[in-house]
Amino acid sequence: MSEGTYTLFKEDVALTTVREESDEAEPNDVDTVPIPPSVDPYDLQLDSGRAAKARVADYESLDYDTCYNVPYKQELKKRTKFTYWQLNVMRWVTVGIIGAVTGLVAFTISITMRSLSKLKYTQFKYVVSETVPMGLPVLSLFVLIGFNALYGLISAILTALEVGGFI
């Protein structure tokens, strides 16, 4: 395949090969290749929209369209420019509150982690300074293991409480 050529594949069957438009290319520069048996070739020739739908017929996507029922349409008719403005302001205030709370939680986590790390390494430094002169530097490693085990235990308890629905 040359540069600027793309092939669409679905279930290991080449559907079409399309060349990127260039100065030499003709407007309908598409080579059709074998079509899956579930697609009617006549439909492909009639409407390119049908061809696109046929290529993606086996794929599913989520559809988040608004449900336009009668009560919703009546509600839309009652709205004025002020209610649209008010709705947009409320949406932006909600986004701002979510952003501020997220930032506050991240800041709190950052400060807490710095404080816990400082406590751990301060204690480690103290134990190293006390045990090395005695010839037992291995004991200082137990301080690190103890702090890490304590942090892990606290995390496990908080996770268990959250999963159990207690928090």
Side-chain angles (χ1 to χ4, degrees), residues 1-22 36 49 52-167:
M1 225 180 264
S2 65
E3 188 177 342
T5 304
Y6 304 99
T7 303
L8 303 174
F9 287 97
K10 180 179 171 189
E11 298 175 5
D12 297 330
V13 177
L15 296 175
T16 58
T17 302
V18 181
R19 289 188 199 92
E20 229 175 9
E21 289 188 36
S22 64
K53 286 180 183 178
R55 283 195 298 269
V56 295
D58 295 334
Y59 298 102
E60 180 182 343
S61 68
L62 298 174
D63 190 9
Y64 293 108
D65 287 341
T66 306
C67 180
Y68 287 104
N69 53 23
V70 174
Y72 183 70
K73 288 179 182 178
Q74 290 173 350
E75 178 65 30
L76 286 177
K77 287 179 184 177
K78 291 179 187 176
R79 290 184 182 178
T80 62
K81 285 185 179 183
F82 178 74
T83 55
Y84 279 110
W85 179 82
Q86 187 179 20
L87 181 65
N88 282 331
V89 167
M90 288 188 325
R91 286 177 180 164
W92 280 107
V93 167
T94 304
V95 167
I97 291 171
I98 290 170
V101 169
T102 302
L104 185 62
V105 167
F107 177 74
T108 304
I109 290 171
S110 176
I111 295 299
T112 304
M113 292 307 300
R114 285 183 190 173
S115 300
L116 290 175
S117 293
K118 185 177 180 181
L119 173 68
K120 179 169 90 171
Y121 290 114
T122 302
Q123 291 301 317
F124 176 70
K125 212 176 191 183
Y126 172 74
V127 172
V128 165
S129 67
E130 294 292 322
T131 58
V132 168
M134 294 187 300
L136 299 170
V138 174
L139 292 178
S140 60
L141 294 177
F142 288 119
V143 172
L144 288 178
I145 292 171
F147 270 104
N148 291 337
L150 180 66
Y151 294 159
L153 179 66
I154 291 170
S155 299
I157 290 171
L158 290 174
T159 303
L161 290 175
E162 183 179 351
V163 169
F166 297 110
I167 295 181

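When reading the values below, keep in mind they use all heavy atoms of this one structure, side chains included, and skip hydrogens, waters and symmetry mates.
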Legend entry - 4.5 Å side-chain heavy-atom contact, E162 and L158: no
Inset, instruction - Answer whether the closest heavy-atom distance between the side chains of E130 and Y126 falls below 4.5 Å. - result: yes
Legend entry - Side-chain donor or acceptor of T83 paired with backbone N/O of T80 under 3.5 Å: yes
Legend entry - Nearest atoms (heavy-atom pairs only) where P137 meets V132: CB-CG2, 4.0 Å
Inset, instruction - May I ask you to test the L116-F147 pair for a side-chain heavy-atom distance under 4.5 Å? - result: no
Inset, instruction - Quick one: closest heavy-atom pair of L144 and K120, and the distance? - result: CD2-CG, 4.1 Å
Inset, instruction - Please check if the side chain of S155 supplies one atom and the backbone of Y151 the other of a donor-acceptor pair under 3.5 Å. - result: yes
Inset, instruction - Find out whether R79 and L76 are in side-chain contact, i.e. whether some heavy atom of one side chain is under 4.5 Å from a heavy atom of the other. - result: yes
Inset, instruction - Verify the neighbour count for atom OH of Y84: are there more than 12 heavy atoms of other residues, nucleotides or ligands below 6.0 Å? - result: yes
Legend entry - V128 to P133 - nearest heavy-atom pair and separation: O-CD, 4.2 Å
Inset, instruction - Locate the shortest heavy-atom distance separating V127 from S140; write the atom from each residue and the value. - result: CG1-CA, 3.6 Å
Legend entry - Check: V93 and M90 side chains under 4.5 Å, non-hydrogen atoms: no
Legend entry - Test side chain to side chain contact (heavy atoms under 4.5 Å, CB included) applied to W85 and V89, L87, N88, the passing residue: V89
